[in-house]
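Here is the structure we will look at.
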Amino acid sequence: QVQLVESGGGLVQAGDSLRLSCVASGRTFSAFAVAWFRQASGKEREFVAAVSRSGGITIYADSVKGRFTISRDNVKNTVTLQMNSLKPEDRAVYYCAAALSGAQNYTPRTAGGMDYWGKGTLVTVSS
């Protein structure tokens, strides 16, 4: 029902900023809660941030709270992850994922609960 394509990854210095974008196609995008996950080489995929269907509720992993901001525009079918004050520990492939939910305030935290995934975009942070 929805396809996701991430972009915006790249190589930056510690302390710099990046903005990741997730462009969705398909109908009823507003019916999906959206989350960002990341996976570093050799590690488990971990939750980063999530936004509810309307964009009214956002949640963040403790490791990124205060530095990252997730937002969405249901008219343009886009979700954005603004990443500030990047650290070497933020190095990972970042994935955009969507979960179908009837609850407007639903914000997923687990990868297993997501219905659709993008292919990811690589973020590299040098120290």
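Everything numeric here is computed off the predicted structure, so don't read it as measured data. Hydrogens, waters and symmetry mates are skipped; everything else that's a heavy atom, side chains included, is used.
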[Y] side chain reached by [X] side chain, heavy atoms, under 4.5 Å:
X    : Y    : value
N84  : F68  : no
M83  : R19  : no
S126 : V12  : no
Y95  : L4   : no
W36  : L20  : yes
F29  : R53  : no
S52  : Y106 : no
V64  : R38  : yes

Examine [X] and [Y] and state if one hydrophobic cluster contains both, with Ile, Leu, Val, Met, Phe, Trp and Tyr joined whenever side-chain heavy atoms are less than 4.5 Å apart.
X   : Y    : answer
V79 : V123 : yes
V34 : L100 : yes
V48 : V125 : yes
L81 : V23  : no

Requested in this report: Give a yes or no on whether the backbone of E44 and the side-chain of Q39 come within a donor-acceptor separation of less than 3.5 Å.
Outcome: no
**Report entry** N/O donor-acceptor pair under 3.5 Å between T121 side chain and G9 backbone
**Finding:** yes
Report task. Decide whether S54 and Q104 meet the rule of one side-chain donor and one side-chain acceptor closer than 3.5 Å. Result -> no
Of all heavy-atom pairs between [X] and [Y], which one has the smallest distance, and what is that distance?
X    : Y   : value
G113 : A99 : O-CB, 3.7 Å
A24  : V2  : CB-CG2, 3.8 Å
S85  : S17 : N-OG, 4.2 Å
F37  : A35 : CE1-CB, 3.6 Å

Query - R109, CZ atom: more than 12 neighbouring heavy atoms under 6.0 Å - result: yes
Query raised in the report: For E6 and W117, what are the C-alpha separation, side-chain angles and deciding distance, and is it a side-chain contact (heavy atoms from CB on, under 4.5 Å)?
Result: CA-CA 10 Å; E6 305 97 332; W117 292 84; over 6 Å; no
Requested in this report: Would you mind listing the cluster partners of I57? Hydrophobic ones only (ILVMFWY), side-chain contacts under 4.5 Å, chaining allowed.
Outcome: none
Query - Pair S21-Q82, side-chain contact (heavy atoms from CB on, under 4.5 Å): steps then yes or no - result: CA-CA 9 Å; S21 295; Q82 177 66 45; over 6 Å; no
**Report entry** Y60 and I70: CA distance, side-chain angles, deciding distance, side-chain contact (heavy atoms from CB on, under 4.5 Å) verdict
**Finding:** CA-CA 9 Å; Y60 301 89; I70 187 172; 3.6 Å; yes
Requested in this report: Hey, could you give me each pair passing side chain to side chain donor-acceptor pair (under 3.5 Å) that has a residue in residues 65-74? Not counting sequence neighbours.
Outcome: R67-D90, R72-N74
**Report entry** Rounded distance [0.5 Å steps], CD in Q3 versus NZ in K119
**Finding:** 11.5 Å
